[in-house]
Amino acid sequence: MLIDASLFDLLAASCMKSDIEHTLRSGGFRGDFYHRHLPSNAIDTSVAIPLLLKTMTATVAFTDEPLKTVRVSIVEDNADTAELLATLLDGTAGIVVHSTHLRANQFVNHLGKLVRAGEKLPDVVLMDIEMPGMNGIDAARYLREKFPSVSVLIVTAFRKRPDLLAAIEAGVQGFLTKGGGAAELRFAIRHVFEGRTYFGQTPTEILAEGYKVTQIQRRNDADFWEAVEGFTPSEVKVFRLLARGMSNAAIAAKLGISEYTVKERVSVIIAALDCANRTQVALRAAENQYR
């Protein structure tokens, strides 16, 4: 079903209204967004709803299947902010707030207790950066190693380039600055839950300022294109979808191959581009305006 940007804008901006909530809850809204005129500074095909609404055509798929429940934890050292986030999210767009924590180390300990008790872990954690004790970046690194099934979405008031680069190196699935609105936050949560990456408008603008990613040990532009030219036709097909931020499962379904095959090809691509993870692959592709 094709809809124009103005209609999609209304849908996104109105997701708190009862009729849209009804669609999200019972109608099963799902969709990938394929756009024309994608900004060259985009990391992922879904960077920043406000930006994309002005630059893309959206293809939205509706299904009779109900939304899968997303279990979300919140790690935020400001109790009022944590409570506000929980109130905005719980019970909307298939999201259930699993727990809130004022410290990252408290959250890590909580996960350990859940594992020992044989209980389910949260699917996504909203993680602040600056907190007493373990900060959000260190927590993200730890979670990637010890609890890789928990996707990390950074939500912070800080807009510093080093924080963004450190988050990318830590392997976070998304990065938003506070104040972006509940609609975008819900969208980002569901996006990373599906195994994709999401970086909001402000992080994208930071990346567009002509910086050099010194923290990420990457080669120069010529080497990027040399590596891409060395891909087999099957690897190119996977790379194009990987650069859009699609998950292994989505790539497998799109190409009609197994997830195991996709995983193997993704590993080859990550190594060839001298990246640490799929987020860095998407970043390099965007920097080089790969289509």
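In this text the structure is predicted, and so the values were computed from the model without any measurement.
Rounding to the nearest 0.5 Å places CD of E235 at 12.0 Å from CG of L242. Annotation: the span from M246 atom CE to L241 atom CG amounts to 5.0 Å, rounded to 0.5 Å. Taking NZ of K178 as the start and CD1 of I154 as the end, the distance is 10.5 Å to the nearest 0.5 Å. Atom CD1 of I137 sits about 9.0 Å away from atom CE of M131, to the nearest 0.5 Å. From L283, atom CG reaches atom CD1 of I168 across 5.0 Å, with rounding to the nearest 0.5 Å. Here the straight-line distance linking atom OG of S234 with atom CD of E264 works out to 10.5 Å at 0.5 Å rounding.
Side-chain atoms of R190 come within 3.5 Å of backbone atoms of A93 as a donor-acceptor pair (strictly under, hydrogens ignored). E184 contributes no side-chain N or O that, together with a main-chain N or O of G181, makes up a donor-acceptor pair within less than 3.5 Å. Side chain of D123 to main chain of R71: a donor-acceptor pair is present (N/O by atom type, distance under 3.5 Å, no hydrogens or angles). Under the 3.5 Å distance criterion, the side-chain polar atoms of R278 are left unmatched by any main-chain donor or acceptor of R196.
Every residue meeting the ring-ring contact (aromatic ring centres under 6.0 Å, His included) condition with H98, not counting sequence neighbours, appears here in chain and number order: H110. Residues passing the side-chain contact (heavy atoms from CB on, under 4.5 Å) test with A140, sequence neighbours excluded: V152, A170, V172.
Between Y290 and W225, the ring planes lie tilted relative to each other; the angle falls in the 30° to 60° range.
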Apply salt bridge (Lys or Arg N to Asp or Glu O under 4.0 Å) to the pair D274 and R284, showing each step before the final yes or no.
CA-CA 10 Å; D274 197 21; R284 288 210 64 192; over 6 Å; no
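Closest approach of A243 to A282, counting heavy atoms only: O-CB, 4.0 Å. For the pair I74 and V97, the tightest heavy-atom approach, listed with the atom from each and the gap, is CD1-CG1, 4.2 Å.
When each of I95, V124, L67, T69 is tested with F193 by the rule side chain to side chain contact (heavy atoms under 4.5 Å, CB included), just one qualifies, namely V124.
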